[in-house]
K.L.:
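To start, I am sharing the structure in question, which I have written as structure tokens.
What you are looking at is a predicted structure, and each value in this text was computed from that prediction instead of being measured.
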Amino acid sequence: MLDALASSDVVGVARRLLGAVVTSELGGDRVSVRLTEVEAYAGVGEDPASHAHRGRTPRNAVMFGPPGRAYLYFVYGMHWCLNVVTGSEGQASAVLLRAGEVVEGLDAARSRRLASRRDNDLARGPACLAGALGITSVTAAAINGSDLGDERSGLWLRPGVSVDLAAIASSPRTGVREEALGRPWRFYVNGDPTVSPYRQGVDR
DNA sequence: GATGCGATTCACT
DNA sequence: GTGAATCGCATCG
């Protein structure tokens, strides 16, 4: 699994990540999520929608490191998003984990999310996924850059039931504009109830 | 040093 | 369908 992350084909890696399982032991409770929705982001100069597009900064430094690491970032002043670094060191591509199905630790996931949420919504959306896994402003700093192949990190990734290629659908990525429309790099399990609703990017 | 905006979500209309 | 909440980063002066 983690060997596959070293591929320079970030789009192929993204597709293969569907069905993989992310497990967290942050905060003491174990929660696992089977991925149903991801997005691919390429590296420097290749992909205007990527955080790495403008080169290395302190924030995105993890993307430039070795594959298989967790890249966490904070958006909109309140949300965390979890990425898996892919490609060889220096390539700076990554896959954003957008949604999944909670397959272990339902009670812990429920307690971290609004009680009114339905189980299918517990990890539906990138910030929800991170929240269900116990990623907060407290835990994020420790997890950012950690090795997803090592259980001692408290957050790790393992192969799950692979998803049939025929069941994988694609669309443009969420929230990004014109440049990205030619790159339908959002991949999801067609018809799965845990996939987040698609929102198109808007011009401002 | 100041400013604008973003790979979002929830509550409300 | 739309707006509020909220903050770090990149950009510009």
K.L.:
Roughly, in whole Å, what's the span from CZ in Arg112(A) to C1' in dT9(B)?
P.N.:
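That distance rounds to 19 Å.
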K.L.:
State which residue, out of Val84(A), Val10(A), Leu5(A), fulfils the side-chain contact (heavy atoms from CB on, under 4.5 Å) condition with Ser93(A).
P.N.:
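Exactly one pass, corresponding to Val10(A).
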K.L.:
For DNA chain B, which residues of residues 89-105 of chain A approach it to below 4.0 angstrom with any heavy atom?
P.N.:
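Hits under 4.0 Å, by residue number: Leu96(A), Arg98(A).
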K.L.:
Starting at CD of Glu39(A) and ending at P of dG6(B), how long is that distance when rounded to a whole Å?
P.N.:
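For the pair Glu39(A) CD and dG6(B) P, the rounded distance is 15 Å.
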K.L.:
Round to a whole Å and report the spacing from CE of Met78(A) to P of dA11(B).
P.N.:
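So the two atoms are 12 Å apart, to the nearest Å.
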K.L.:
Is a donor on one side and an acceptor on the other found under 3.5 Å between the side chain of Thr139(A) and the backbone of Thr136(A)?
P.N.:
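Looks like yes, one N/O pair under 3.5 Å.
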K.L.:
Rounded to whole Å, please give me the gap between OH in Tyr76(A) and C1' in dC5(B).
P.N.:
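In whole Å, dC5(B) C1' lies 8 Å from Tyr76(A) OH.
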K.L.:
Hey, mind stepping through Asp147(A) and Arg152(A) against salt bridge (Lys or Arg N to Asp or Glu O under 4.0 Å) and telling me if it holds?
P.N.:
CA-CA 9 Å; Asp147(A) 185 354; Arg152(A) 288 170 299 181; over 6 Å; no
K.L.:
Between the side chain of Arg124(A) and the main-chain N/O of Val195(A), is any donor-acceptor distance below 3.5 Å?
P.N.:
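Present.
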K.L.:
Contact between Arg16(A) and Val13(A) at the side-chain level, heavy atoms closer than 4.5 Å - yes or no?
P.N.:
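A side-chain contact is absent here, since even the closest heavy-atom pair is not under 4.5 Å.
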K.L.:
Without decimals, in angstroms, what is the distance between Tyr73(A) OH and dG6(B) C1'?
P.N.:
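Rounded to the whole Å, the gap is 9 Å.
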K.L.:
For Arg183(A) and dA7(B), what is the distance between atoms CZ and P respectively, to the nearest whole Å?
P.N.:
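Answer to the nearest Å: 15 Å.
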K.L.:
Under a plain distance cut-off of 3.5 Å, with no hydrogens placed, do Asp192(A) and Thr194(A) share a side-chain donor-acceptor pair?
P.N.:
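Yes.
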K.L.:
Reading 5' to 3' and counting Watson-Crick or G-U wobble pairs with both distances under 3.5 Å, write the dot-bracket notation for DNA chain B, | for bases paired outside the strand.
P.N.:
||||||.|||||.
K.L.:
Using the P atom as the reference point in each nucleotide, state the distance between dA2(B) and dT6(C) in Å, no decimals.
P.N.:
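After rounding to an integer number of Å, I get 22 Å for this pair.
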K.L.:
Would a 4.5 Å heavy-atom cut-off, applied to side chains only, mark Tyr188(A) and Ser196(A) as touching?
P.N.:
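No, too far: nothing below the 4.5 Å cut-off.
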K.L.:
Taking heavy atoms of chain A and a 4.0 Å limit, find me the 5'-most and 3'-most nucleotide of DNA chain C within that range.
P.N.:
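Range of nucleotides touched by chain A: dA5(C) to dT11(C).
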K.L.:
Compare the minimum distances between each of dT8(B), dA7(B), dC10(B) and the side chain of Arg113(A), then state the nucleotide with the smallest one.
P.N.:
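When the side chain of Arg113(A) is considered, dC10(B) is the closest of dT8(B), dA7(B), dC10(B).
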K.L.:
Would you say that Leu35(A) contacts Val22(A) through its side chain, given a criterion of any heavy-atom pair below 4.5 Å between the two side chains?
P.N.:
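Heavy-atom side-chain distance check passes, below 4.5 Å.
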K.L.:
Under a 3.5 Å cutoff, is there a donor and acceptor pairing between the side chains of Gln91(A) and Ser8(A)?
P.N.:
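Side chains of Gln91(A) and Ser8(A): no pair found under 3.5 Å.
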K.L.:
How close or far is atom P of dT9(B) from atom CZ of Phe74(A), stated in whole angstroms?
P.N.:
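Result: 13 Å.
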K.L.:
Can you classify the ring geometry of His51(A) versus Tyr71(A) as parallel (below 30°), tilted (30 to 60°) or perpendicular (above 60°)?
P.N.:
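Taking Tyr71(A) first and then His51(A), their aromatic rings stand perpendicular (interplane angle over 60°).
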K.L.:
Is the shortest side-chain heavy-atom distance between Arg186(A) and Leu96(A) below 4.5 Å?
P.N.:
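They are not in side-chain contact.
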K.L.:
In whole Å, what is the span from the CG atom of Asp47(A) to the P atom of dA7(B)?
P.N.:
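Between P of dA7(B) and CG of Asp47(A): 11 Å.
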